[in-house]
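Worksheet: the structure to be examined is printed underneath.
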Amino acid sequence: MSESMLLKEAPSFLFADLLRSGLACAFNSRYHGNMSLNYGDTRGVLENRKYFLAGMGIDYLDLVCAKQVHAASVRWVSWEDKGKGALSYDTAFSATDALITAEKDVPLAVCTADCLPLFLYDPRTPAIGLAHAGWRGTKDNIARKTLIAMKYAFGTKARNVYAGFGPAIRQCCYEVGEEFKDHFPGGCVERQGRHYLDLVAVNRKQLLDSGVNDMNMFDSGVCTSCENDDFFSYRKERAGCGRILSVLMLK
């Protein structure tokens, strides 16, 4: 397994050419260890981050993190914010589930273990956004709200945006209550009397409805539950579950 796993089906333009020309975008696997300073076994987390990020030319001391609360609050990150949450969970942005910036060398990060990490890239500005989209944040339209925040902060136009969907629990495994049919019309399927939510499909629709081109959206295809040997899954592991780190940075 590679030392930094990129979105597996990413287009060469976005995740290959731009890695050379100025974009860092990756998520880790279980191979790299737990990346959360607040969940799971936190011993060795800083070393895990240091090793993983070094492969992308990112200093782990510069990482910008958030205290995620499963909502849809978006924070504009500046150069002065570098290092928030890098060494201590207490110094991370409070009550935040999405980060945006147009600054170079400011690495944005979210931690997940079944929720969907959503990568947004506007090459025209340039600007980036990274969101933690659990079912509650998705219900609150976090994908759309992150795009709107990028529009007002940087002048981002949705038609120019590229979007990537990282590892998350998928419709094959994400069993939910019947009430989710009302929360997410068209986002649930029923199999043998049980209901399953497709987080990626719902977030994709939010982006489509906001003007993002379907051809500019790319999915890792990773189900954290099906591939629990390689990725952390809260549904599978519950208490003590580690977290995946998703990182996005302009270079």
Side-chain angles (χ1 to χ4, degrees), residues 6-15 18 23 25-27 66 68 70-77 96-102 108-110 112 114-171 174 176 180-181 183-189 196-224 244 246-250:
L6 301 178
L7 299 179
K8 294 191 296 188
E9 298 178 3
S12 60
F13 172 72
L14 182 56
F15 295 111
L18 289 179
L23 184 71
C25 176
F27 53 81
Q68 299 158 197
H70 297 274
S73 177
V74 184
R75 184 67 65 105
W76 181 354
V77 178
T96 300
D97 284 273
L99 302 167
I100 63 171
T101 192
L108 309 182
V110 296
T112 60
D114 284 338
C115 293
L116 175 67
L118 173 62
F119 301 79
L120 299 175
Y121 174 59
D122 167 15
R124 297 290 183 92
T125 303
I128 54 174
L130 184 60
H132 157 250
W135 75 261
R136 292 178 180 85
T138 298
K139 181 174 177 288
D140 288 342
N141 291 285
I142 192 169
R144 182 172 183 273
K145 288 179 179 178
T146 305
L147 273 178
I148 290 172
M150 292 174 68
K151 173 185 175 181
Y152 283 104
F154 317 124
T156 290
K157 294 180 173 58
R159 65 175 180 271
N160 297 328
V161 169
Y162 289 81
F165 305 106
I169 191 169
R170 303 289 169 139
Q171 189 181 67
Y174 196 6
V176 295
F180 277 66
K181 292 192 301 181
H183 296 331
F184 304 101
C188 290
V189 298
Y196 297 84
L197 175 62
D198 191 335
L199 272 178
V200 172
V202 177
N203 280 276
R204 180 186 291 273
K205 186 176 187 304
Q206 288 183 18
L207 294 173
L208 284 171
D209 290 347
S210 299
V212 177
N213 189 326
D214 188 50
M215 297 297 292
N216 289 348
M217 294 191 222
F218 305 91
D219 188 2
S220 68
V222 173
C223 176
T224 48
I244 300 161
S246 293
V247 182
L248 187 61
M249 185 183 81
L250 293 169

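Fair warning: this is a prediction, and the values are worked out from it, not measured in the lab.
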Compare all side-chain heavy atoms of [X] with those of [Y] and state whether any distance is below 4.5 angstrom.
| X | Y | answer |
| --- | --- | --- |
| L118 | L207 | yes |
| V110 | L248 | no |
| F27 | P117 | no |

To the closest 0.5 Å, what do you measure between [atom1] ([X]) and [atom2] ([Y])?
| X | Y | atom1 | atom2 | value |
| --- | --- | --- | --- | --- |
| R170 | L199 | CZ | CG | 9.0 Å |
| T224 | Y174 | OG1 | OH | 10.0 Å |
| I100 | R75 | CD1 | CZ | 11.0 Å |
| L197 | W135 | CG | CH2 | 9.5 Å |
| D140 | Q206 | CG | CD | 9.5 Å |
| L99 | L130 | CG | CG | 6.5 Å |

Y162 and F218 aromatic ring geometry - parallel, tilted or perpendicular at 30°/60° bounds: parallel
Parallel, tilted or perpendicular: rings of H132 and H70 (30°, 60°): perpendicular
Verdict with supporting geometry, Y121 and L250, side-chain contact (heavy atoms from CB on, under 4.5 Å): CA-CA 9 Å; Y121 174 59; L250 293 169; 3.6 Å; yes
Answer yes or no: is there a donor N or O on one side and an acceptor on the other, between the side chain of [X] and the main chain of [Y], under 3.5 Å?
| X | Y | result |
| --- | --- | --- |
| S73 | D97 | no |
| N160 | D122 | no |
| T96 | A66 | no |

Intermediate values then yes/no, side-chain contact (heavy atoms from CB on, under 4.5 Å), L120 and T146: CA-CA 9 Å; L120 299 175; T146 305; 3.7 Å; yes
Summary of salt bridge (charged side-chain N to carboxylate O under 4.0 Å, His left out) pairs that have at least one residue in residues 196-205, sequence neighbours excluded: R204-D214, K205-D209
Residue pair V247, L108: steps toward the side-chain contact (heavy atoms from CB on, under 4.5 Å) verdict: CA-CA 6 Å; V247 182; L108 309 182; over 6 Å; no
